[in-house]
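Below is one structure, written out as structure tokens; comments come after it.
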Amino acid sequence: MKLPDLRRTGAPSSLYIHFPFCVHRCHYCDFSVRKTARPPTEDWLRCVAGDLEEWFRTGDWQSPVPLSTVFVGGGTPSLLGGGGMAGLAEVLRARFEWSPETIEWTAESNPESLDEATVEDWRSAGVNRLSVGVQSFDDNALGWLGRLHDSRQATAAVERGRGVGFKNINLDLIFGLPDAIRRDWRTEVRMAVEAGATHVSIYGLTAEAGTPLGRAVVRGDVRMAGEDRYAEEYLTAAEALVGAGFIHYEVSNFALPGGECRHNWHYWDGSAYLGVGPSAHSLVDGTRVWNVRRWEAYRTTMVQGRSPREGFETTGAGESQLERLWLAFRTNRGLRSADPLAARVREACVDLLAAWSAAGWLESGGDTLLMTPAGWLRLDELVAALAARLEPGLDEQATRNDT
């Protein structure tokens, strides 16, 4: 597969690295995951180094490149083992430069594998933002989700992180479990705050096709949460977290002042970013590029000296416009008057904007159009309605290329 010429711009300053290994695959998980209790960390580090080498060759980029954010996701990066994150730092230093005072370096973890040695190792390696996959503080809910930790372990993991000096800690929580799973959701959100989270990400459970949960739903063995419960739990979390001083700055994300995830803003504001590892996605010079999905295939391509890129796409004007609307409205920055698209929306969608404001889904005061939490529950529907008014060009599709 031949990529477009990506040499017109320099290397992105934001980097995502996928660590695809987990001890256990949860029945709702649709990520690129390889189940193992002993991840091949050295093999993975060599592949990351080779992936970066391929990117720098393709883009004709000169080292060192300034780095502003790093996000190590998975999988379960807390399975890296002693020295694993330090090894990653050495790989990155061959291509990038950064200041410990200004970089945001996030690493994901699960409570059962985030032990004292790991948090100390990560702090020494340069990680300064900890993300913990708590998912729930209710042991019954955790059992149904198939998680390997309990509520006590979740709280202890956060305490360990705080104990070694992590001041920026995100906790992931899942809402919208099947109606048969009873839980005190408001109390769980409160527990996340009391545990010391500076950032909370909430995700509604989805039954992805091909997962055990997806198949169970198709068979009728599991009934997913109804729309009313889903909306109630989302709005409950929003109310509780904002009441505790958090800023609801993106559909699923809340942060104490100053605690927003800088890395994720690169995804939401259309900035370039680089992804390495199996299934990782990149946005470089207006082109989206993705790697082969499975670890075995990814490792094979790297061992054989071939590119791990599986496909790329460039978007047409219509799709770009639709995406701009969707990205703008999913954050608290909204669609600002300075954006030429805002004038078109205000002119072509007067009745829609008025109706949504009356329904409590949209705030249109000042120079910015913003979705409310109630509007974010309908984000896809509302953006699609706006886009349908802004013709011509909305039927232009992305030009997609797969190997």
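All values below come from the heavy atoms of this structure, side chains included, with hydrogens, waters and symmetry mates left out.
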Could you verify whether a donor N or O on one side chain and an acceptor N or O on the other, from [X] and [Y], lie under 3.5 Å apart?
{"X": "D30", "Y": "T211", "result": "no"}
{"X": "D367", "Y": "S337", "result": "no"}
{"X": "D138", "Y": "S151", "result": "no"}

Original post:
Run the salt bridge (charged side-chain N to carboxylate O under 4.0 Å, His left out) check on R309 and D51 step by step: do they pass?
Top reply: CA-CA 9 Å; R309 316 297 169 236; D51 199 336; 2.7 Å; yes

**OP:** Measure the CG-OG1 distance between L335 and T368 for me, rounded to the nearest 0.5 Å.
**Re:**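 It is 8.0 Å, given to the nearest 0.5 Å.
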
Original post:
When rounded to the nearest 0.5 angstrom, what is the spacing between NE2 in H266 and CG in L15?
Top reply: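 Output value for this atom pair is 11.0 Å.
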
Subject >> R223 atom CZ: more than 12 heavy-atom contacts under 6.0 Å >> reply: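 No, not enclosed.
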
Original post:
Can you check whether H263 and W105 have ring centres sitting under 6.0 Å from each other?
Top reply: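 So the answer is no for these two rings.
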
Original post:
Are Y234 and Y203 close enough that their ring centres sit under 6.0 Å apart?
Top reply: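 Between Y234 and Y203, the centre distance exceeds or equals 6.0 Å.
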
**OP:** Answer yes or no on whether R330 is positioned over the face of W326, meaning its NZ or CZ is under 6.0 Å from the six-membered ring centre and within 45° of the axis.
**Re:**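 Yes, R330 lies over the aromatic ring of W326.
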
Subject >> Partners passing side-chain hydrogen bond (donor to acceptor under 3.5 Å, both in side chains) against D339 (at least two apart in sequence or in another chain) >> reply: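 Partners of D339 by the side-chain hydrogen bond (donor to acceptor under 3.5 Å, both in side chains) criterion, ordered by chain and then number, come out as R324.
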
Subject >> Non-hydrogen atoms of G245 and L256 that approach each other most closely >> reply: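 Between these two residues, the closest heavy atoms are O-CD2, 3.7 Å.
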
